[in-house]
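First comes the structure, then the notes that go with it.
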2 protein chains.
Amino acid sequence: MAFEPELYIPNLSYDSVIFGFSGEKLKILVLEYHNTGTFALPGGFVRKDEPLEDAVKRGLSERTGLDEIYLEQFHTFGSMDRFRPDIMRKILAEQGHILEDHWMLGRFITIGYYALINYENVTPKPDELSDSIEWYDFDQLPELMMDHHEIVRKALEHLRTHLDHKLLSFNLLPEMFTMKDLQQVYEAILGEPQNRANFQRKMLSLGILERHEKLYTGGSHKAPFLYSFKKS
Amino acid sequence: MAFEPELYIPNLSYDSVIFGFSGEKLKILVLEYHNTGTFALPGGFVRKDEPLEDAVKRGLSERTGLDEIYLEQFHTFGSMDRFRPDIMRKILAEQGHILEDHWMLGRFITIGYYALINYENVTPKPDELSDSIEWYDFDQLPELMMDHHEIVRKALEHLRTHLDHKLLSFNLLPEMFTMKDLQQVYEAILGEPQNRANFQRKMLSLGILERHEKLYTGGSHKAPFLYSFKKS
């Protein structure tokens, strides 16, 4: 289906930072445009008759194949530095578009969203505009276009600041987990080791965890407690 | 100067929630449109060649007469519920505009900003579109148009969550203040009394305050310490 610009709000886009974690390293989902060497966050546009949140879910599903993902809005980016028609010209030319007065050559203000998912549970699929969509280690990202590094930085800052109260929404951990599982998530996202005793004390003081029976594996004398997030 | 719609990004606006505090109650700045009984937050539009942050400062200055105010972006609102051409028609008709295909009858996504200022230091001035611009007690707001109550609610939620680290940016207190001054700010914004000892303990534990000499008034045996925010 051809893209019909008159159906969309001009000069406005969204971009999503999809953080992935699976017990070890923090990763980010990055797409590459066909034959341009241009790497970008998955993003899209809002139809004139469509709620913003629906547009973001629809776009993420179309571009990455990911559905049912909880996305958190964190910031809207509106500087003029992000106006880079030269980069858009290259991508559009590769896609065979007529460049004169093309809708996407305008200036865009973009609304940033992020998510945190277990990347082992999902298989991203690129759409037809994209060469590939891949998980990259957070510390080995390719060069991203325009201000997308700044968008990633601000998303991570937001995630770090609000992790205590957002982790439940992101549904990253299994129903029951150990304090060590939780500590691994924090270490990956905060980017630094946590002291085990201090971490446990802080987590328990937040009042967000419910303690269950111990996890008996048979192999150890120190069976760890299992926890879940409190409902509500 | 006539408004020239072709210079502005269509379908996109911003709205600002200006909280005012002066030692006692929390207030909000609300404007009323001429002869319509319609109350609204001060807002505006972004020029196609203008950085978002500049647009917000320019608009606030034009509509309210307030300059040099630190504004914090908190959320972008994009539901279809906020599309209310009936309300805009009434305002535009009163302003003598031709209604057919008017730019402002479209659907708008709005970017929310808030500020916290000492309302004794400023005198808001309405622009020519507005009847009045007044401080209203937070618990006695008039009925605001569209989703402006929701915008206020979300701004207050953000301010409450981030007060410990935003208060310095808002430059609300004098250079030197007592713990009681600080407690009054928190009580007005959180909307509930704080226990004096707990409040002091929490504030000191944040590591954001510097303690100075005592404030000797001559009238009391219990001279309170003076504090300032730490530079950084």
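Chain A is the first sequence line, chain B the second, and so forth, proteins listed ahead of strands; every chain is numbered from 1. Below, each value reflects all heavy atoms present in this structure, side chains not excepted, and no hydrogens, waters or symmetry copies.
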Hey, which of B/L12, B/T76, B/V46 has the most heavy atom pairs under 4.5 Å with chain A? B/T76
Residue of the set A/L159, A/T161, A/I151, A/L156 for which side chain to side chain contact (heavy atoms under 4.5 Å, CB included) holds with A/F74: A/I151
Heavy-atom pairs under 4.5 Å with chain B: which of A/S79, A/G106, A/P10 has the most? A/P10
Between chain A and each of B/I109, B/D81, B/I111, B/D54, count heavy-atom pairs under 4.5 Å; write down the option with the most. B/I109
Stacked cation flag A/R107 on A/F83, 6.0 angstrom / 45 deg: no
Side chain / backbone / both / neither for B/H75 at chain A, heavy atoms under 4.5 Å: both
Is it possible for you to check whether B/K27 lies under 6.0 Å from the centre of the six-membered ring of B/Y119, through NZ or CZ, and within 45° of that ring's axis? yes
Would you indicate whether B/K180, at its atom NZ, is surrounded by more than 12 heavy atoms from other residues, nucleotides or ligands within a distance under 6.0 Å? no
Return the NE2 to CZ distance between B/H158 and B/R153, rounded to the nearest 0.5 Å. 12.5 Å
Chain A: which of B/M80, B/R82, B/Q73 shares the most heavy-atom pairs with it under 4.5 Å? B/Q73
